[in-house]
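Quick caveat, the model's predicted, so the values are computed rather than measured.
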Amino acid sequence: MSDDKKKTDGKIAHLDALKQRDTRWFLPEWESDRAKKLTTVARSIRTNDFVRQRNYLRYWALYSNTPMLGLTPRRYTQNASNQARERLALNVIRSCSDSFVAKLTSQRPRVSCMTTGGDWDLQQRAEMLETFLDGMFYETDVYETAPLVALDMSVFGTGTVKIYAEDDDEAEHIVIERVLPGETFVDDEEAYDGKPRTRYQRRYVDRLVAMALYPEAAEQLATVARETEDDAGGDARAVGAQQTDTICIVEGWHLPSRAGAEDGRHTIACGEVIIFDEPWLKSYFPFVDLYRQRPQCGIWGNGLAEELQGIQFEINVILNTIRKAMRMSGTLRWFVPNGSNVNTQYISDLIGSIIRFDGQPPVAIVPPVVAPEFYQQLIFLYGKAFEITGNSQLSATSMAPGFEESGKAKELRLDTESERFSPAFGQYQLFFLKIARQVIALAREIGLRNPAFKVKAVAKGRMMDVVKWADIHLEDEEFLLQMYPTNAMARDPSSRLNQITEAVNAGTMNPRTGARLTAEMPDLAEEASYENASYDLTMQMVTDMLKKGEFQPPEPFMNLDVTKPDNSITVVQNAYLKARRSRVPEDRLELLRRWLKMAHDMVTPP
């Protein structure tokens with residue numbers, strides 16, 4: 001064989017070897033072997049990610065007091081018997097995490113849709129978009145899922161939800177579900193700058209469920225072998241009885257290289273079986289991550305379990321020292337003088353026992369067990385842990401201070417806590433804002449396939465309404481999403497009442513407005529519903545006339561006396577002027593003018 005021939009064969013063999021090592025499963029040339037490439041590279045990345053997986057097990061053990069062998073369906077219930085230890089007597093990580101999550105999720109952020117200019121019709125559609133998002137959050141149980149995701153973020157550092165469209169027998173709808181810790185992963189080298197272009201999800205699904213979800217691949221899924229490896233690297237079949245038949249499904253997303261490019265990919269595979277494969281044209285993954293603080297590098301955040309583990313270990317050492325000291329010298333000791341002729345057989349732990357003696361009596365002494373500095377250090381570390389989380393120990397334990405606290409003092413204390421908590425609140429609001437953006441994008445896609453796509457929501461006035469996406473029809477450049485302030489007013493009743501009173505006294509708030517805000521307190525709501533009945537009915541009439549074009553005449557039993565605050569005539573006049581400034585169609589303005597004329601005729605009869 002000639003030298004040129006050998007060189008050519010060597011180059012071909014080298015290229016073939018490079019091609020076999022190429023892990024870019026999303027490339028067009030791997031279409032026929034994409035499933036195998038995807039599952040292979042996902043297994044390799046997850047294997048290299050074992051440090052994070054092990055850390056997750058340690059963080060969960062610190063929070064739950066239960067060391068586990070893994071976070072997979074076949075391992076999470078198995079305790080690590082070779083790491084048996086006594087449970088934590090004072091679990092500060094769990095206390096801080098629970099109080100942190102409770103305070104973070106106590107409020108329900110709402111998304112506001114602000115129009116960039118536009119006429120009255122555009123503003124009305126933006127208001128419909130707000131109602132649509134409220135209904136979608138309610139329909140997808142976002143506010144019920146958020147505490148679980150927040151707890152994942154608190155313990156593991158990152159909480160994640162997945163947003164996708166699902167088609168059932170009735171109609172296509174949007175799903176927002178929690179992603180379990182460790183279920184998604186990325187190549188750490190690619191994610192160094194926090195912007196990976198490829199992301200994976202590895203989850204276990206019952207075989208029959210998978211066959212029902214993907215009927216085109218049902219025949220192949222029926223013969224796919226079960227996953228035999230788990231977090232511990234052992235044979236998962238050896239753990240527990242085989243009462244279920246789950247298979248491991250790997251899903252991968254690769255983002256396009258630029259806007260408008262068609263080199264993105266979304267593939268679902270099981271073993272060497274392609275379940276679903278499509279181009280991915282979006283510039284984002286169908287995931288939204290929640291952080292306590294945004295990580296400096298990568299996409300995985302730092303949780304409270306990681307941050308407080310040093311304090312927890314110190315507390316464990318102190319408690320162990322106190323426990324040993326208690327057992328060694330924390331019991332009653334009798335001191336009997338020599339020659340006192342005390343019958344020690346009568347000394348016992350019985351109540352009311354009689355000890356007979358001659359001469360000097362025996363003395364019962366409990367010696368000092370532990371130096372006071374141990375307890376002081378324990379209290380200091382426990383309080384420091386709450387301080388790190390941005391939450392005071394008083395709020396976390398629902399305790400009152402050791403002195404009488406005025407409403408103003410309580411307000412200042414809560415404001416100080418809010419300042420320490422503001423970075424976490426900011427991330428929590430950003431979390432909902434990103435969810436809203438993806439929901440809007442999915443609703444737009446579903447609306448193209450199904451013009452009747454709709455959602456039920458509670459509109460203004462606490463009335464149930466049905467919003468169709470086709471009626472909204474807003475382009476991205478026509479609106480801007482913002483978050484409603486979730487802590488503009490104090491939640492504590494006394495502090496809230498103090499804020500309203502100060503605003504009214506300073507003249508920055510109308511007394512009637514202050515009364516309505518005060519009426520939102522649960523114990524005053526029922527009484528206020530009667531007091532504000534005329535105002536509420538007037539606003540409902542205005543809404544029906546402006547939005548639906550339905551005329552609602554005034555009634556003589558309404559508050560039509562212009563000398564009284566919040567009278568219906570003044571309310572409708574203000575609504576008319578605001579509507580005219582917003583360029584409301586003339587036919588809707590005419591309804592308000594007609595209402596005002598009838599009201600004036602009623603109060604000034606001929």
Is the distance from the ring center of Tyr200 to that of Phe185 below 6.0 Å?
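Ring-ring flag for Tyr200/Phe185: true, centres closer than 6.0 Å.
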
Heavy-atom distance under 4.5 Å between the side chains of [X] and [Y], does that happen here?
X      : Y      : value
Arg294 : Gln427 : yes
Arg292 : Ser154 : no
Tyr59  : Glu306 : yes
Ile274 : Arg34  : yes
Leu546 : Val584 : yes

Regarding [X] and [Y], does a basic nitrogen lie under 4.0 Å from an acidic carboxylate oxygen?
X      : Y      : answer
Arg46  : Asp49  : no
Lys547 : Glu127 : yes
Arg265 : Asp277 : yes

Hey, could you give me each pair passing salt bridge (charged side-chain N to carboxylate O under 4.0 Å, His left out) that has a residue in residues 429-451? Not counting sequence neighbours.
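Found Glu172-Arg449, Lys282-Glu445, Arg444-Asp476.
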
Do Gln312 and Asn316 have side-chain N/O donor and acceptor atoms under 3.5 Å apart?
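Checked: Gln312/Asn316 side chains pair up, N/O donor to acceptor below 3.5 Å.
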
Atom [atom1] of [X]: over 12 foreign heavy atoms under 6.0 Å:
X      : atom1 : result
Tyr164 : OH    : yes
Gln296 : CD    : no
Tyr284 : OH    : yes
Tyr138 : OH    : no
Glu166 : CD    : yes

Quick check for you: to the nearest 0.5 Å, what is the distance between Met128 atom CE and Cys113 atom SG?
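That separation rounds to 11.5 Å.
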
List the steps and the verdict of side chain to side chain donor-acceptor pair (under 3.5 Å) for Arg58 and Asn55.
CA-CA 5 Å; Arg58 185 172 73 254; Asn55 287 338; 3.0 Å; yes

Is the Tyr143 ring parallel, tilted or perpendicular to the Phe432 ring (thresholds 30°, 60°)?
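Rings of Tyr143 and Phe432: parallel, as their planes differ by under 30°.
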
Can you classify the ring geometry of Phe431 versus Tyr428 as parallel (below 30°), tilted (30 to 60°) or perpendicular (above 60°)?
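Taking Tyr428 first and then Phe431, their aromatic rings lie parallel (interplane angle under 30°).
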
Let me check something: any side-chain donor-acceptor pairs from residues 247-256 under 3.5 Å, sequence neighbours excluded? List them with distances.
residue: Glu251; atom: OE1; partner: Lys162; partner atom: NZ; Å: 2.9
residue: Glu251; atom: OE2; partner: His266; partner atom: NE2; Å: 2.7
residue: Trp253; atom: NE1; partner: His266; partner atom: NE2; Å: 3.4
residue: His254; atom: ND1; partner: Arg197; partner atom: O; Å: 3.4
residue: His254; atom: ND1; partner: Thr198; partner atom: OG1; Å: 2.9
residue: His254; atom: NE2; partner: Arg197; partner atom: NH2; Å: 3.4

Candidate pair Arg125 and Asp471, rule salt bridge (Lys or Arg N to Asp or Glu O under 4.0 Å), full reasoning:
CA-CA 7 Å; Arg125 287 188 284 131; Asp471 296 335; over 6 Å; no

